[in-house]
Amino acid sequence: MTEIPKAYEPQSVEDKWYDFWLKQGCFTADPARVSDQRPAYSIVIPPPNVTGMLHMGHVLNNTIQDILSRKARMDGKEVLWLPGTDHAGIATQVQVEKALKRDEKKTKHDLGREEFLKRVWTWKDKHGGIIINQLKKLGCSCDWTRERFTMDPEYSRCVQKVFVELYKKGLIYRGKRMVNWCPASQTALSDEEVEMKPQKGFMYHFKVEVAEAPGTWLTIATTRPETIPGDTAVAVNPKDARYAHLIGQHIVRPLPVELPREQKLIPIIGDAHVDFEFGTGVLKVTPAHDKADFDIGTRHKLPVVEVINADGTMNDLAGADLCGLDRFKARKVASERLTELGVLVEEKPYENNVGFSQRADVPIEPRLSEQWFLKYPSVEASTKCVADGQMKFHPDRWAKVYDHWLTNIQDWCISRQLWWGHRIPVWSKQHIGWTSACNSDHAKVWAISATRKEKDFVVYADPELIGPGNTNKPVWIYVAVAPDNSRDSDQANFIKQIEALGFTQDPDVLDTWFSSWLWPFATMGWPEKTSTLKAFYPTTDLVTGPDIIFFWVARMIMAGFEWMGELPFKNVYFTGIIRDKQGRKMSKSLGNSPDPLELIASYSADALRFGIMRSAPLGQDICFDEKNVELGRNFCTKLWNAARFRQMQSTSPLRGEGSESRLGEAVYSTEAEIDAALLSSDDKWILLRLNTAIAEVSTALEEYRFSDATSTLYRFFWSEYCDWYVEASKAVLQGSDEKRKANTLAVIDFVLGHTLRLFHPFMPFITEELWHGMGFNDDLPGKQGGKSIMFAPWPKPLDEDELAHFGILPEDEQAANDKYKAVELGRGLKSTFNINKKVRFVLKPASELPAHEIEVLRILLNAEPLEVDAAFQPKKGTPAALTPLGELFLPLDGLIDVDAEKARVGKEVAKVESELEKVTAKLADTNFTSKVPQKVLDEHQQRKTDWEEKLAKLKVMLDALG
RNA sequence: GCGCGGUUAGCUCAGUGGUAGAGCAUUACCUUGACACGGUAGGGGUCGCAGGUUCGAACCCUGCACCGCGCACCA
């Protein structure tokens, strides 16, 4: 016989069962099994970045999804938890670029686009599996046979198809606009990718002379003097009496210094945008580098002068002083020049909000550029489905945030100046003027297209430029190329032909979110009407962080309505954000995030799961503390040992000979019938507590209250089952009544079997190990838990018939509670008198007690002996406690300090008197008695009676002390 | 500026009108036959502040303070 390990040893157990689950196909969803009796349950994973590493946020998020999936399996549903990763355009490209620079001292341009992309794919193949394997370590029951990546060929076809459809509908357009430009990544970003951060800087006040009125100076306030060379006007509010008369005149721009005066004259314009209470009421207008200024510029047809390059350095238009400098260095130099010119009036510290690139963490540069934009589709349906409760957010306050965003959205800039991603499926060719050559190209494209099976393409030229009078302007012809779903070669052919006509593909790629918004259906085989899609779409739950409510959730909802005509999920659960003990968000840069895999190695996956769930209340951020994981581990150990205790009690090895069990060689039957006639008050109590626990956990899970569910499990198993029931059951198990023993074991098995199942979604590994190790799977059909606990039915509370069969009444709980109360009081006495050995107790019972109850009391009190004597006459000074079962004495034969005991009881009397006073006063108050409901009144009456009785008895005790 | 959370024991948090709770930490005792990753007993809170409603408020209402988050933004 191998030695039974004292503590649960998780590593080998976890690997063993995960392999088993995979080999048995336990996670694989089969649409063919879905029926009315076996409804579908589905979740799509929020795809982690393919090159990412598991962090605590993933642990939280995926543990929740796993709990939901496993619970649904136990509910008899056909479960699909669809996993995968996304290509994370910027993040991945930046990583590969960094490695390239580090290892080969090369840039992506040195390699060229094609070669660089090869490197990214190599990188992806090398690192892409990491996070997937980490999820497996955590125990995630994803259907890995359906793992998807947003750059898979089939997925890419979906992205192209969607692009072309939106283009055909006129929702996608190309435009020259002010965009959020990230000078570090050198790409445009969407509004959502810009994060406003307060920045300490300076407010510079400088003066400019009015050209038409020498000697008249205006003072301008700015935080960005380096953009002065790009100013093409100064604006004042036309209603501002101070300046209105100057509108139409000009000022002399101070920079660049070397320009002749006449080239530095810019007009004073009137624009209502200017707030005359802010700054000096005079605004410098830099249309090329500020969104609001651009709008002013448009209104007044101002020239747009760019002075900053794409990489954030100044160009030659910024003047000799600034040219080539970084924008922040240039700011300093510009202020120095202003000082030298004697026009800098003031430079004072100033804090303002500056937009930062979320990815690169550098200030955004508003920049005019040509980009592709999308007018969001299906906005109305998306707004409505949440507003009217068709789709539910948990917690629902996020619905308001969602609604607010949706009603204020601007068009989405979807193009990115990157190489890694879905390349925009548009080919274009430029002509000068709308000439016959245009018409000819147009016609040729249509002709080529006729050979395609699907005409998912569009030929487009800017209609304003078509026609006479535009003979010198550039005209672009765009061809958006959709994939042919049946034949890849068709698309390739088509592209080859249009490229032969001189069309070239747009160099940009699409925003990563433009692919992930299709996730719920593109992963299920769309646009084919696959059986998976039919069975599992719309999905049931989505679990994600509120930080991507706009990026992802909202857009998925729109995509769902747009292409499936239906919402993509019925419930969205928003997790909290994991913070460290100081309340800071966990991040790589702060280095305050523990490595989940290390936590798993030290504490086990189950411990990590249980710990994090226990500390993750609905809708609240989570303050992570490794103590929680330690608690999870301790809990696993407790569960393990409780199981071990059960096995050590059994004397008769039964079926299952030869079965292997880490708990020991013998496997014992769990089939024993519970004999209702033999149930003790403790048995009934634990069965009732189990009922309560099942109900509480089930409800908590239905309402996504995971921390409440774990609290219940913790309380039930540790406090109720182990601390009370197991200890009480020792009265039987250490006795000699074999029939009672067998019955107690049957109750224990019943409780353990249910407990393991309740725990399974939270702690899949240890529960599977014990389920098999203790033989709970024996004789069960495979679909009912014979193969794995994950298919065992979710526990149901005993119903009325079953309770009646066992002869259990609701009030049975009280009998055991009274006994446990007596035990606590008796232990209190021992503790008060510093007795830590077995000791004699005498109970003067309030009513007759069965021998079994007395034996339980004796064991729990650790009494030797426990005498029951209705006529007991205690010696003077005998410590005693009033218990629901009667007076409990601790006869110490003069060993005690009578005065100390008197003081102790006296203290108790004082407490009871004060409580009695309070309740008596209340009941004497007619204001109270006349207005309070009868139920409350009764409660107070009862409380008063109880305190009175207690007080009387305490006084008798005090008298007895002399 | 607008919106959303939060403020209860040393810490992390439960607690939707009727006797203030849990876990951790802490103190004392206990290596007892499942478990020291354990057991038993204890100490510890004017429930952020000020008003109001009510017989009664941690809980409902109003205002304020502080912490955190989101949106918008004035150069």
Side-chain angles (χ1 to χ4, degrees), chain A residues 4 6-8 195-196 203-204 220-224 227 234-235 273-286 290 292-293 350 352-353 355 395 397-398 400-401 404-405 408 546-547 549-550 576-577 579 581 583-585 603 607 614-617 619-625 627-628 630-649 705 707-708 711 714-715 718-719 722-723 726-727 730 734 823-824 827-832 834-838 862 915 918-919 922 925-933 935-937 939-940 943 946-947:
Chain A
I4 299 166
K6 260 194 149 182
Y8 171 55
E195 198 182 336
M196 301 303 281
M203 179 68 87
Y204 304 85
I220 301 174
T222 181
T223 54
R224 300 199 65 187
T227 62
V234 295
H273 169 78
V274 181
D275 175 354
F276 43 90
E277 303 206 337
F278 190 87
T280 59
V282 185
L283 172 70
K284 69 193 247 338
V285 183
T286 326
D290 184 281
D293 288 6
Y350 185 72
N352 65 337
N353 280 328
R397 64 188 151 88
W398 294 110
K400 204 170 168 179
V401 177
H404 181 257
W405 181 78
N408 291 289
D547 46 338
I549 187 167
F550 312 137
I577 290 168
R579 300 178 181 281
K581 274 192 251 181
R584 299 174 305 181
K585 209 166 161 172
Y603 297 104
R614 194 167 180 281
S615 55
Q620 283 327 58
D621 283 357
I622 293 108
C623 184
F624 181 78
D625 186 337
K627 283 274 175 202
N628 288 316
E630 200 180 314
L631 177 135
R633 180 206 47 192
N634 295 353
F635 192 80
C636 289
T637 308
K638 190 77 178 176
L639 181 60
W640 184 261
N641 280 302
R644 219 160 62 93
F645 171 78
R646 158 64 186 93
Q647 294 230 307
M648 292 168 84
Q649 302 310 313
R705 291 182 288 108
S707 68
D708 290 343
S711 297
Y714 191 96
R715 183 206 70 217
W718 202 305
S719 309
C722 291
D723 288 351
V726 169
E727 294 307 319
K730 286 176 182 172
Q734 290 167 11
V823 169
E824 279 178 338
R827 286 169 176 170
L829 281 180
K830 278 176 81 170
S831 173
T832 306
N834 271 323
I835 293 161
N836 45 46
K837 296 266 160 56
K838 286 193 169 165
N862 203 16
E915 291 294 337
K918 268 196 260 176
V919 73
K922 263 188 166 180
D925 185 356
T926 49
N927 221 348
F928 175 78
T929 49
S930 61
K931 288 180 182 168
V932 146
K935 189 183 160 229
V936 176
L937 203 58
E939 271 170 25
H940 280 75
R943 210 184 297 159
D946 290 348
W947 287 127

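All chains are named by letter (A, B, ...) in the order of the sequence lines, taking the proteins before the strands, and each is independently numbered beginning at 1.
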_Show, in sequence, the C-alpha distance, side-chain angles and deciding distance for Glu727(A) and Lys730(A), and conclude whether the salt bridge (charged side-chain N to carboxylate O under 4.0 Å, His left out) test is met._
CA-CA 5 Å; Glu727(A) 294 307 319; Lys730(A) 286 176 182 172; 3.2 Å; yes
*Strand partner of U53(B), provided both Watson-Crick or wobble distances fall under 3.5 Å*: none
_Measure OH/Tyr603(A) against C1'/C24(B) and give the value in whole Å, please._
13 Å
*Expressed in angstrom and rounded to an integer, what is the separation of Glu630(A) atom CD from C11(B) atom C1'?*
14 Å
*Output the single nucleotide from A34(B), C37(B), A75(B) whose closest atom is nearest the side chain of Val274(A).*
A75(B)
*When you check every protein heavy atom under 4.0 Å of nucleotides 67-73 of chain B, what one-letter string (B, S, -) results, 5' to 3'?*
-SS-SBB
*For Gln734(A) and for Gly828(A), find the nucleotide of RNA chain B with the closest heavy atom, then tell me which residue's nucleotide is more 5'.*
Gln734(A)
*How would you label the contact of Pro546(A) with the nucleic acid (heavy atoms, under 4.0 Å): base, sugar-phosphate, or nothing?*
nothing
*Just name whichever nucleotide pairs with A20(B), Watson-Crick or G-U, keeping both distances under 3.5 Å, else none.*
none
*Would you mind reading off the distance between Lys830(A) atom NZ and G42(B) atom P, rounded to a whole angstrom?*
14 Å
*Between atom CD in Gln620(A) and atom C1' in U7(B), what is the gap in whole Å?*
11 Å
*Check whether the side chains of Lys638(A) and Asn634(A) place a donor and an acceptor atom closer than 3.5 Å, and report yes or no.*
no
*Starting at CG of Asn628(A) and ending at P of U12(B), how long is that distance when rounded to a whole Å?*
12 Å
*Closer than 4.0 Å, any side-chain N/O of Arg633(A) to the OP1 or OP2 of C37(B)?*
no
*Looking for any heavy atom pair under 4.0 Å, which part of the strands does Arg614(A) touch: base, sugar-phosphate only, or nothing?*
sugar-phosphate
*So which nucleotide from A41(B), C55(B), C35(B) ends up closest to the side chain of Lys931(A)?*
C55(B)
_Tell me the interatomic distance from Asn862(A), atom CG, to G33(B), atom C1', rounded to whole angstroms._
13 Å
*Under 4.0 Å: is that the gap between some side-chain N or O of Asn352(A) and OP1 or OP2 of A75(B)?*
yes
*When you check the phosphate oxygens OP1 and OP2 of C24(B), does a side-chain N or O of Lys627(A) lie under 4.0 Å from one of them?*
no
*With heavy atoms under 4.0 Å as the rule, sort Asn408(A) into base, sugar-phosphate or nothing.*
nothing
*Counting only Watson-Crick or G-U wobble pairs whose two distances fall under 3.5 Å, which nucleotide matches A25(B)?*
none
_Short side-chain N/O contact to G39(B) OP1/OP2 from Trp718(A), under 4.0 Å_ = yes
*Which is true for Val726(A) with a 4.0 Å heavy-atom rule: it touches a base, it touches only sugar-phosphate, or it touches nothing?*
base
*Which nucleotide sits closest to the side chain of Val932(A): U19(B), C13(B), G18(B)?*
G18(B)
_Interatomic distance where CD1 belongs to Ile220(A) and P belongs to A75(B) [whole Å]_ = 15 Å
*Have a look at Cys722(A) and say if it touches a base, only the backbone sugar-phosphate, or nothing, with a 4.0 Å heavy-atom cut-off.*
base
*Base, sugar-phosphate, or nothing: which does Leu283(A) touch, judged by heavy atoms less than 4.0 Å apart?*
base
_Ring-plane angle category for Trp718(A) and Phe635(A), please: parallel below 30°, perpendicular beyond 60°, tilted otherwise._
tilted
_Main-chain N/O of Lys400(A) paired to His404(A) side chain as donor or acceptor, under 3.5 Å_ = no
_Does the structure show a Watson-Crick or G-U wobble partner for C66(B), both distances under 3.5 Å? Name it, or say none._
G6(B)
*For the side chain of Pro617(A), counting heavy atoms from C-beta on, which of C37(B), C13(B), G18(B) is nearest?*
C13(B)
*Val936(A), nearest nucleotide to its side chain (from U19(B), G23(B), G18(B))*: G18(B)
*For Ile622(A) and C13(B), give me the distance from atom CD1 to atom P, rounded to whole Å.*
9 Å
*Sugar-phosphate, base or nothing in reach of Lys918(A), heavy atoms under 4.0 Å*: nothing
*From C37(B), C35(B), G23(B), nucleotide with atom closest to Asn634(A) side chain*: C37(B)
*Among A14(B), U40(B), G18(B), the nucleotide that comes nearest once only the side chain of Glu939(A) is considered*: G18(B)
_Tyr8(A) vs C35(B): side-chain N/O to OP1/OP2 distance below 4.0 Å_ = no
*Residue-phosphate contact under 4.0 Å: Lys638(A) side-chain N/O, G39(B) OP1/OP2*: yes
*Taking for each residue the nucleotide of RNA chain B bearing the nearest heavy atom, is the 5' side occupied by Arg224(A) or by Lys730(A)?*
Lys730(A)
_Classify Thr223(A) by what it touches in the nucleic acid, base, sugar-phosphate, or nothing, heavy-atom distance under 4.0 Å._
sugar-phosphate
_As a test of reading the structure: which of C35(B), G23(B), G5(B) is closest to the side chain of Tyr714(A), going by heavy atoms?_
G23(B)
*Touch check for Arg827(A), heavy atoms < 4.0 angstrom, all strands: base, sugar-phosphate only, or nothing?*
sugar-phosphate
*G23(B) and G44(B): how far apart are their C1' atoms, nearest whole angstrom?*
15 Å
